[in-house]
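Remarks on the structure that follows.
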Amino acid sequence: MKHSYKKVKLALGLLAALGVSTAQAANTPINATASVAVNGAITLTKSADMNFGSIVATISATASDSATLALSPLEGAAAPSTKTDGTASKITILTQGTPAKFTIAGAGANSNILVTTNLGEAGGLLTLTNGSNPSADPLKIGTPTIYDVTNSSFGSFTSGVSGALQTDATGALEFNMGATITIPNTADDSATAGPASDGTYSGTFTVVANYQ
């Protein structure tokens, strides 16, 4: 027994002399940082306003008798502006219109983008006002339409929000917007029957782009 004790004592002394600790070292916590950069900003630029061209319009005295002028979002179409006449409400197209044009830059590559507009939606632009004759009967506008120029495809709006449009490999996207003008009538809109007043009718609407 004495020899065994001496051997253990000698072994511990040798380990100590070699600098080897006989006690288990405590684990020391080390802090690390986790981070992510959130950047949802999208650069949206308007390159052209919505222009319905020039027309002659007749206001009807009959309820729900209204002519419409639809502007396609497809730029370069043979006839971007198309009319639908009522019974007494009529439209004559003098010059064709051109859609509003927008571009997006700085988005993620091949990302889905939703376009939101108040054009024709509750609280948004519902009328175009005659700038030279503000008391003239306004023209109603709504039913926004959209064309994805980058991917050559038509889209639609639901409650002011488009279906998803996709950016290209550089994060760029180009799209156009159209809409429909409705000529008022005396019964539904308290307008004055006869030719609509001459002048330029205009109004402002908003467009916002966000990631889907």
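For this chain, numbers begin at 1 and follow the sequence in order.
Between the side chains of Ser197 and Asn130, not a single donor N or O lies within less than 3.5 Å of an accepting N or O. Counting only N and O atoms by type, the side chains of Asp168 and Thr150 include no donor and acceptor under 3.5 Å apart. Side-chain contact check for Thr103 and Ser47: no donor-acceptor pair (N or O, by modelled atom type) lies under 3.5 Å. When only modelled atom types and interatomic distance are considered, Asn31 and Thr33 share no side-chain donor-acceptor pair under 3.5 Å.
Phe175 and Phe102 have parallel rings, their planes meeting at less than 30° on a 0 to 90° scale where 60° marks the start of perpendicular.
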Next on the checklist: Assess the residue pair Leu165 and Asn112 against the criterion (side chain to side chain contact (heavy atoms under 4.5 Å, CB included)); give the C-alpha distance rounded to whole Å, side-chain angles, the decisive distance to 0.1 Å, and a yes or no.
Outcome noted: CA-CA 5 Å; Leu165 311 179; Asn112 288 334; over 6 Å; no
Next on the checklist: Run the side chain to side chain contact (heavy atoms under 4.5 Å, CB included) test on Thr127 and Leu139 for me, step by step, so that the C-alpha distance in whole Å, both residues' side-chain angles and the decisive distance to 0.1 Å come before the verdict.
Outcome noted: CA-CA 5 Å; Thr127 59; Leu139 306 180; over 6 Å; no
Next on the checklist: One pair to check against side chain to side chain contact (heavy atoms under 4.5 Å, CB included): Ile113 and Ile104. What are the steps and the verdict?
Outcome noted: CA-CA 10 Å; Ile113 303 294; Ile104 284 174; 3.8 Å; yes
Item to check | Working for side-chain hydrogen bond (donor to acceptor under 3.5 Å, both in side chains), residues Thr167 and Asn110 | outcome: CA-CA 5 Å; Thr167 62; Asn110 304 312; 5.5 Å; no
Item to check | Derivation and outcome, salt bridge (Lys or Arg N to Asp or Glu O under 4.0 Å), residues Lys101 and Asp49 | outcome: CA-CA 7 Å; Lys101 300 176 61 178; Asp49 286 311; over 6 Å; no
Next on the checklist: Is there a side chain to side chain contact (heavy atoms under 4.5 Å, CB included) between Thr68 and Lys83? Walk through the geometry before answering.
Outcome noted: CA-CA 6 Å; Thr68 60; Lys83 66 167 186 170; over 6 Å; no
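The side-chain heavy atoms of Asn176 and Ile146, taken from C-beta on, include no pair separated by under 4.5 Å. Within the 4.5 Å cutoff, the side chain of Glu75 has no heavy atoms near those of the Val149 side chain. Within the 4.5 Å cutoff, side-chain heavy atoms of Ile141 are placed close to those of Leu125. Taking the side chain as every heavy atom from C-beta outward, Thr180 and Leu69 never approach each other to under 4.5 Å. Asp137 is listed as a side-chain neighbour of Ile59, based on a closest heavy-atom distance under 4.5 Å. Between Thr143 and Phe157, every side-chain heavy-atom pair lies at or beyond the 4.5 Å cut-off. Between Asp188 and Ser64 there is a side-chain heavy-atom pair separated by less than 4.5 Å.
A donor-acceptor pair under 3.5 Å links the side-chain atoms of Thr95 to the main chain of Ser54, judged by distance alone. Judged by distance alone, with hydrogens and angles left aside, the side-chain atoms of Tyr211 form a donor-acceptor pair with the main-chain N or O of Gly108 at under 3.5 Å. With hydrogens and angles ignored, the 3.5 Å screen pairs no side-chain donor or acceptor of Thr92 with any backbone N or O of Val56. Side-chain N or O atoms of Thr182 include none that pairs as donor or acceptor with a backbone N or O of Lys140 at under 3.5 Å. In this structure a side-chain-to-backbone donor-acceptor pair under 3.5 Å is present from Gln96 to Ser81. Side chain of Ser66 to backbone of Ile183: a donor-acceptor contact under 3.5 angstrom is found. For Asn118 (side chain) and Phe205 (main-chain N/O), no donor-acceptor pair under 3.5 Å exists by modelled atom type. Using modelled atom types, no side-chain atom of Asn185 and backbone atom of Ser89 make a donor-acceptor pair closer than 3.5 Å. A distance-only check finds a donor-acceptor pair linking the side chain of Ser72 to the backbone of Leu74 [under 3.5 Å].
Checking each of Ser153, Pro99, Pro73 against Tyr147 for a side-chain contact (heavy atoms from CB on, under 4.5 Å) leaves exactly one that passes, namely Pro73.
Closest approach of Leu173 and Asp148 over heavy atoms only: CD1-OD1, 3.4 Å. Here the shortest heavy-atom pairing between Gly97 and Pro80 reads O-CG, 3.2 Å. Across all non-hydrogen atoms, the minimal contact from Ile91 to Asp85 is N-OD1, 2.9 Å. Across all their heavy atoms, Gly199 and Ser132 have their closest contact at CA-OG, 3.6 Å. The minimum heavy-atom distance linking Ala88 with Thr58 is given by the pair O-CG2, 3.7 Å. Smallest separation of non-hydrogen atoms from Ala179 and Leu119: CB-CD2, 3.6 Å.
One hydrophobic cluster holds both Phe52 and Val207 under the rule that ILVMFWY side chains link at heavy-atom gaps under 4.5 Å.
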